[in-house]
> 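Below is the structure I would like to discuss, written out as structure tokens.
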Amino acid sequence: MKVLATILLTALLTQTAAAQQAIHVEQRGSGQALIFLPGFTNPGSIWNETTRNLQGDYQQHLVSYAGFNGLAPIGTPWYSRLKTELIAYVTDHALEEIVVIGHSMGGTLAIDLAAALPDRISGMILVDSLPAMAEIMMPGVPVSALRYDSPYNRQMLNMSDEAFEQMATAMSGNMTADQASVPMLAEWIVQADRETYVYGYTDLLKLDLRETLAEVGAETLILGAGFPDADTVLTNFQSQYANLANKDILLAEDSRHFIMLDQPEWLYQQINAFLDGL
């Protein structure tokens, strides 16, 4: 009986996990479809001010991810589920001539989406996003060395709530020059499902989409944060996006990772100019 009960419980948990959504989408307006993809731990609402400053009529699809912002977690693998459901969302809703606007890991998802659905994605705006994040953050570390069960991940999972909150605040303070926004960014990290935060980040570090870029034909605007050294940032972006054919790279001066917080007017100007020129 115990064996049968265990089998039934496992099946139930599997079905429940499968039923949970990896992405949650808020749809607004009408017109050309724009898909807004936030960064890691951020909700789709990070794009609210950007959408208010759009010049023109657009059907906006603001995506949030499972495990963040109070949304139920889905377990592992995490990133691949996001990608699969995002592709399904586009095809199920018969979206075409889409422009995908992604910040940080949202830009990574945008690249995967554009490669998977080249006939549906007409443009991308990638906001401080890299196709191979680990190359910059952990140079020389092979992907094979990145595992869910690692000393670092176990340390993160076992970290006290107080220590985790301190880490979240310190990280957030480094990602924006707008100190008034630091508590909001830190709270999004603190609210995250801890396993999604730890294992999802491992998923991201394993990604290297530099070869995938060769499959992307969509016109692309890459917006980078110029802090702390614009020359180094530009060199990194040019190197990482070498395989992407149709691209322009612009840097926001005096901006850290969250350009929408540090240089919002500049960001709105670039987005509207790109959309107007398509």
Side-chain angles (χ1 to χ4, degrees), residues 21-29 33-55 58-73 78-79 82-83 85-86 89 98-113 124-130 133 165 168-193 196-197 200-201 203-204 221-225 227 252 254-272 274-275:
Q21 292 179 297
I23 63 169
H24 297 250
V25 185
E26 179 184 356
Q27 183 177 328
R28 309 170 181 168
L34 305 181
I35 296 178
F36 288 89
L37 300 172
F40 193 68
T41 74
N42 304 159
S45 60
I46 186 69
W47 293 110
N48 280 348
E49 287 301 316
T50 303
T51 61
R52 291 190 189 102
N53 284 275
L54 291 172
Q55 296 172 357
Y58 299 98
Q59 185 184 71
Q60 306 159 19
H61 303 260
L62 278 70
V63 179
S64 294
Y65 310 130
F68 300 147
N69 197 35
L71 300 175
W78 179 73
Y79 179 87
L82 301 182
K83 180 175 72 171
E85 288 196 20
L86 187 59
Y89 179 85
I98 307 160
V99 176
V100 189
I101 303 173
H103 174 240
S104 195
M105 75 153 274
T108 309
L109 272 171
I111 294 168
D112 266 329
L113 187 62
M124 295 192 299
I125 302 175
L126 310 179
V127 182
D128 213 40
S129 176
L130 290 172
M133 185 171 64
E165 184 173 359
T169 301
M171 287 179 59
S172 300
N174 288 328
M175 290 191 290
T176 177
D178 178 23
Q179 291 306 297
S181 296
V182 170
M184 174 185 70
L185 299 179
E187 184 64 17
W188 286 338
I189 297 173
V190 170
Q191 288 179 350
D193 171 70
T196 302
Y197 180 88
Y201 203 74
D203 282 348
L204 296 184
L221 176 62
I222 301 164
L223 303 176
F227 180 88
D254 300 322
S255 179
R256 300 194 181 198
H257 185 53
F258 281 88
I259 299 176
M260 66 279 286
L261 302 177
D262 291 0
Q263 296 289 344
E265 296 300 328
W266 182 87
L267 178 67
Y268 308 152
Q269 180 182 1
Q270 305 313 318
I271 290 176
N272 283 313
F274 179 83
L275 294 175

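Here, residue 1 is the first one in the sequence, and each next residue gets the next number.
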> In terms of the angle between their ring planes, are Tyr197 and Phe40 parallel, tilted or perpendicular, with boundaries placed at 30° and 60°?
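Geometry flag for Phe40 against Tyr197: tilted rings.
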> Does atom CD of Gln27 have more than 12 heavy-atom neighbours from other groups under 6.0 Å away?
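For Gln27, atom CD is crowded (more than 12 foreign heavy atoms under 6.0 Å).
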> Quick one: CD on Gln55 to OH on Tyr268, what's the gap to the nearest 0.5 Å?
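The OH atom of Tyr268 is 12.0 Å from CD of Gln55, to the nearest 0.5 Å.
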> Would you say the side-chain atoms of Asn69 pair up with the backbone N or O of Pro43, donor to acceptor, closer than 3.5 Å?
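Judged by distance alone, no pair lies under 3.5 Å.
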> With the side chain counted from C-beta on, respond yes when Tyr79 and Leu204 share a heavy-atom pair under 4.5 Å apart, and no when they do not.
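When only atoms from C-beta onward are counted, Leu204 and Tyr79 do touch, with a gap below 4.5 Å.
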> Quick one: are Gln21 and Glu85 in side-chain contact, heavy atoms under 4.5 Å?
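Side chain of Gln21 against side chain of Glu85, heavy atoms only: contact under 4.5 Å found.
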> Is there a side-chain contact between Asp178 and Phe258, using heavy atoms and a 4.5 Å cut-off?
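Counting from C-beta outward, Asp178 and Phe258 never come under 4.5 Å.
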> Any donor and acceptor pair, going by atom type alone, linking the side chain of Ser64 with main-chain N or O of Gly44 inside 3.5 Å?
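Yes, because the side chain of Ser64 sits within donor-acceptor range (under 3.5 Å) of the backbone of Gly44.
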> Specify the closest pair of heavy atoms between Pro73 and Thr196, including all atoms of both residues, with the distance to one decimal.
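Heavy atoms of Pro73 and Thr196 come nearest at CB-OG1, 3.6 Å.
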> Between CG of Leu37 and NE2 of His61, what distance do you get to the nearest 0.5 Å?
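So the gap between those two atoms works out to 11.5 Å.
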> With the side chain counted from C-beta on, respond yes when Leu82 and Leu109 share a heavy-atom pair under 4.5 Å apart, and no when they do not.
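A side-chain contact under 4.5 Å exists here.
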> Measuring from Asn53:CG to Asn48:CG, what's the distance to the nearest 0.5 Å?
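Asn53 atom CG to Asn48 atom CG measures 11.0 Å (nearest 0.5 Å).
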> According to the interplanar angle, ranging from 0 to 90°, do the rings of Trp78 and Tyr65 count as parallel (below 30°), tilted (30 to 60°) or perpendicular (above 60°)?
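Rings of Trp78 and Tyr65: perpendicular, as their planes differ by over 60°.
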> Atom CD1 in Ile271, atom CD1 in Ile101: separation rounded to 0.5 Å?
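Between Ile271 CD1 and Ile101 CD1, I get 5.0 Å after rounding to 0.5 Å.
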> So which heavy atom on Phe68 is nearest to which on Ala192, and how close?
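Smallest heavy-atom distance, with atoms named: CD2-CB, 3.5 Å.
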> Do Ser129 and Thr108 make a side-chain contact, defined as non-hydrogen atoms from C-beta onward lying under 4.5 Å apart?
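Yes, at least one pair of side-chain atoms sits under 4.5 Å.
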> Which pair of non-hydrogen atoms, one from Ile189 and one from Ala168, has the smallest distance, and what is that distance?
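The answer is CG2-CB, 3.7 Å.
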> Drop me the distance from Thr41's OG1 to Asp193's CG, to the nearest 0.5 angstrom.
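The distance works out to 12.5 Å.
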> Are Asp262 and Asp254 packed together at the side-chain level, in the sense that at least one heavy-atom pair is separated by less than 4.5 angstrom?
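The answer is no; the side chains never approach within 4.5 Å.
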> Could you report the tightest heavy-atom contact between Ala252 and Ile259, atom names first, then the distance?
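Taking Ala252 first and Ile259 second, the nearest heavy atoms are CB-CG2, 4.1 Å.
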> So how far is it from Arg256 CZ to Leu261 CG, rounded to the nearest 0.5 Å?
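Arg256 CZ to Leu261 CG: 12.5 Å, rounded to 0.5 Å.
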> Compare all side-chain heavy atoms of Leu34 with those of Trp47 and state whether any distance is below 4.5 angstrom.
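Side chain of Leu34 against side chain of Trp47, heavy atoms only: no contact under 4.5 Å found.
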> Please check this pair: side chain of His103 against backbone of His257, looking for a donor-acceptor N/O pair closer than 3.5 Å.
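Yes, the answer is positive, given that a donor and an acceptor are paired below the 3.5 Å cut-off.
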> Does the side chain of Thr51 reach to within under 4.5 Å of the side chain of Tyr58, using non-hydrogen atoms?
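Side chain of Thr51 against side chain of Tyr58, heavy atoms only: no contact under 4.5 Å found.
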